[in-house]
Amino acid sequence: MIKKNSYFDSVSLMSISTKANGIDGVGQAFVAMATEMNKAVLQNLGLLTDELKAATTSDLMIVVVPSEGADGDELVPLVEELLVRKAPAAGGAEVSHRTVASAVEEDADINLAVIAVNGAFAAREARKALDAGLNVMMFSDNVAVEDEIALKNLAHDNGLLMMGPDCGTAILNGVALCFGNAVRPGTVGIVAASGTGSQEVSVQVHALGGGVSQLIGTGGRDLSAEVGGIMMIDGIRALAADPGTEVIVLVSKPPAAETEAKVLAEVATAGKPVVVYFIGGSQDAVLAAGGHFAASSADAARQAVELSSAAASQPETLDAAQVDAVLAKLAPGQENVRGLFCGGTLCDESMYALLNDGREVFSNIQKDPAFQIGAADSSRGHTFLDFGDDEFTNGRPHPMIDPSNRLARIVEEARDPSVAALVMDFVLGFGAHEDPAGVTLPAIREGQRIAQEDGRHLEVIAYVLGTELDTPGLDAQRKALAEAGVTVTSSSTVTGEFARAIARKGAAA
């Protein structure tokens with residue numbers, strides 16, 4: 001079915017596609033705008049008809065492949081129902097605006113716009129919002145770097161935030177946006193060029209007894225040489241001027257060297273303690289700038305809470321006895337660790353635990369071209385995959401919304417007799433899947449069954465990112481995994497350390 005001139009934003013469509021695929025009788029459902037990229041996905045699936053091919057970018061495509069015995073004509077209306085916006089339960093009216101200008105005209109107190117349109121139009125809409133005096137959080141990706149630079153300079157000149165593109169997490173004045181977690185308010189401010197990295201620091205701050213004042217996302221390219229850290233520098237300045245922030249934490253994957261130097265120069269003049277967690281960053285450079293160097297996400301959270309006025313508890317560390325118990329179950333020849341992650345920074349942190357130990361690791365997010373692999377490539381040796389990377393999400397919901405793309409890979413890796421352990425994350429929070437552990441457990445059990453029938457033990461190590469305030473709650477997800485024989489870790493940092501210990505055992509065998 002094609003619904004002409006029916007625009008839906010990408011965040012809504014990700015959620016709708018996930019729900020559509022859960023309808024009884026649906027073998028596969030695809031709900032997306034008729035962009036060339038989405039048509040290409042349908043072409044690869046063998047589902048692109050002439051009618052779909054003729055659809056325009058303002059048209060909505062609904063494609064349903066029924067399960068055996070199901071009636072597709074009965075299923076399409078059920079998918080259509082998911083597109084209908086429900087009225088608020090309390091009986092209040094919900095107002096929908098077709099433009100940024102009409103929304104601002106209706107309510108002069110609006111001061112932030114979340115942009116989640118197709119990347120081809122995102123810069124245009126963000127510019128309208130900035131011109132209207134709104135801060136912007138741009139969830140959209142596939143935005144030209146030239147547009148990003150221009151938008152961030154425009155925001156800077158007008159004293160506004162321009163978070164993104166590809167910004168998935170923020171907490172502003174106590175309100176979590178997109179993939180933010182439910183954490184207590186406090187005095188730790190975070191500026192992050194990493195969505196799951198900022199989530200991880202925020203939930204670890206919460207676990208240690210602290211709280212978050214503000215969490216400002218920058219988008220993943222902000223610390224590239226081209227963009228030059230415009231938003232991170234503005235974010236540092238905003239938190240430095242914020243009376244509710246006592247300590248600032250910076251989070252990023254490896255930044256460009258020249259951009260790192262610019263950001264650290266800002267650290268030196270912040271006037272507040274600044275904890276810097278840049279994966280692969282230089283400790284000497286951070287200390288020379290007067291910052292506090294963090295070797296891991298857990299270390300960043302610990303230092304931040306200790307530097308604030310909150311009463312800090314101690315983080316959990318790797319349990320050596322638990323590691324020994326796992327290693328004792330492994331047979332000769334089980335040497336490799338396979339990381340299957342929804343969160344890019346969580347994948348990076350575990351991967352770097354092995355890389356910094358001198359291990360060779362293949363990955364779709366590896367910086368070394370010699371060890372880069374694609375989404376369709378089979379694993380080799382130690383392999384760590386970020387299922388949220390563009391190659392995996394092209395035309396599909398992000399795995400934090402719909403983790404089903406990872407399920408087949410779990411079973412595939414379990415068939416490899418060289419695999420000692422599967423390492424994976426489960427990310428809770430607003431906008432994420434309502435039961436990530438539950439939807440993954442059947443694939444984990446199938447993998448365990450395959451290994452057992454082959455006379456092997458398959459270790460599964462899982463980290464659940466979230467708090468007891470999230471829905472579902474942290475404890476319930478951990479319990480479900482533990483009851484299935486999964487080893488559950490307490491942080492992303494401990495997860496990486498566990499993976500490294502298993503890799504060392506394999507190397508020594």
Side-chain angles (χ1 to χ4, degrees), residues 2-17 31-35 38 55-62 80-144 146-180 214 216-217 219 231 234 238 401 430-431:
I2 296 172
K3 299 179 78 68
K4 302 293 291 183
N5 297 314
S6 299
Y7 181 80
F8 286 79
D9 68 86
S10 57
V11 178
S12 298
L13 290 178
M14 284 180 181
S15 177
I16 289 167
S17 288
V31 186
M33 299 305 297
T35 64
N38 288 334
T56 68
T57 55
S58 61
D59 299 337
L60 178 70
M61 305 183 294
I62 302 175
E80 278 191 284
E81 286 182 15
L82 300 175
L83 301 170
V84 179
R85 183 174 300 204
K86 302 295 190 295
E94 182 175 283
V95 180
S96 178
H97 295 279
R98 296 187 64 83
T99 67
V100 170
S102 66
V104 174
E105 183 177 351
E106 177 76 21
D107 185 351
D109 291 332
I110 290 174
N111 63 3
L112 181 138
V114 178
I115 306 295
V117 302
N118 181 281
F121 313 111
R124 180 188 69 190
E125 296 305 315
R127 188 169 289 106
K128 290 178 183 177
L130 292 170
D131 287 340
L134 306 184
N135 299 285
V136 170
M137 179 180 183
M138 185 186 285
F139 186 87
S140 308
D141 57 6
N142 295 308
V143 175
E146 296 81 9
D147 286 329
E148 177 176 351
I149 294 168
L151 290 169
K152 286 183 171 176
N153 281 324
L154 175 61
H156 172 84
D157 292 342
N158 288 278
L160 298 168
L161 299 177
M162 175 60 221
M163 299 179 288
D166 199 20
C167 179
T169 302
I171 302 175
L172 301 179
N173 294 341
V175 179
L177 301 171
C178 294
F179 290 131
Q214 312 285 346
I216 300 172
M231 187 65 250
D234 280 355
I401 297 173
F430 300 103

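This one's a predicted model, so the numbers in the text were calculated from it and none came from an experiment.
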Visitor: List for me each residue that meets side chain to side chain contact (heavy atoms under 4.5 Å, CB included) alongside V100, sequence neighbours excluded, and say none if there are none.
Guide: V104, E125, A129, L134
Visitor: Could you tell me the separation between the CG atom of N118 and the CG atom of N38, rounded to the nearest 0.5 Å?
Guide: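 Here the interatomic distance stands at 7.5 Å.
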Visitor: Would you confirm whether S140, through its side chain, and V117, through its main-chain N or O, come within 3.5 Å as a donor-acceptor pair?
Guide: yes
Visitor: Please report the shortest heavy-atom distance between F139 and C178, naming the atom on each side.
Guide: CD1-SG, 3.7 Å
Visitor: Which atoms form the tightest heavy-atom contact between L60 and A32, and what is the distance?
Guide: CD1-O, 3.6 Å
Visitor: Where is the tightest heavy-atom contact between M231 and G217, given as atom of each residue plus distance?
Guide: CG-O, 4.1 Å
Visitor: When you measure from the side chain of N135 to the backbone of N111, do you find a donor-acceptor pair of N or O atoms at a distance under 3.5 Å?
Guide: yes
Visitor: On a heavy-atom basis, which atom in F179 and which in G431 lie closest, and how many Å separate them?
Guide: CE2-O, 3.7 Å
Visitor: For a quick test of reading the model, state the closest non-hydrogen atom pair linking L83 to F8 and the distance between them.
Guide: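 Looking at all heavy atoms of both residues, the closest pair is O-CE2, 3.6 Å.
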Visitor: Pair up each side-chain donor or acceptor in residues 153-167 with any protein partner under 3.5 Å, not counting sequence neighbours, and list the distances.
Guide:
| unit_1 | atom_1 | unit_2 | atom_2 | d |
| --- | --- | --- | --- | --- |
| N153 | ND2 | I149 | O | 3.2 |
| H156 | ND1 | D234 | OD1 | 2.9 |
| H156 | ND1 | D234 | OD2 | 3.0 |
| N158 | ND2 | L154 | O | 2.8 |

Visitor: Could you give the distance from CG (L112) to CE (M137), rounded to the nearest 0.5 Å?
Guide: 8.5 Å
Visitor: Going by the rule side chain to side chain contact (heavy atoms under 4.5 Å, CB included), which residues pair with A150 if we only count those two or more places apart in sequence or in a different chain?
Guide: R127
Visitor: For a quick test of reading the model, state the closest non-hydrogen atom pair linking V136 to I115 and the distance between them.
Guide: CG1-CG1, 3.9 Å
Visitor: Mind checking what makes side-chain hydrogen bond (donor to acceptor under 3.5 Å, both in side chains) contact with T56, not counting sequence neighbours?
Guide: S58, D59
Visitor: Who are the side-chain hydrogen bond (donor to acceptor under 3.5 Å, both in side chains) partners of S6, not counting sequence neighbours?
Guide: none
Visitor: From T57 OG1 over to F121 CZ, what is the distance, rounded to the nearest 0.5 angstrom?
Guide: 4.0 Å
Visitor: Rounded to the nearest 0.5 Å, how far does NZ of K3 lie from CE of M61?
Guide: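 Going from CE on M61 over to NZ on K3, the span is 14.0 Å.
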Visitor: Supply the atom-to-atom distance I216 CD1 to L172 CG, rounded to the nearest 0.5 angstrom.
Guide: 6.5 Å
Visitor: Would you list the pairs meeting salt bridge (Lys or Arg N to Asp or Glu O under 4.0 Å) in which at least one residue belongs to residues 102-124, sequence neighbours left out?
Guide: none
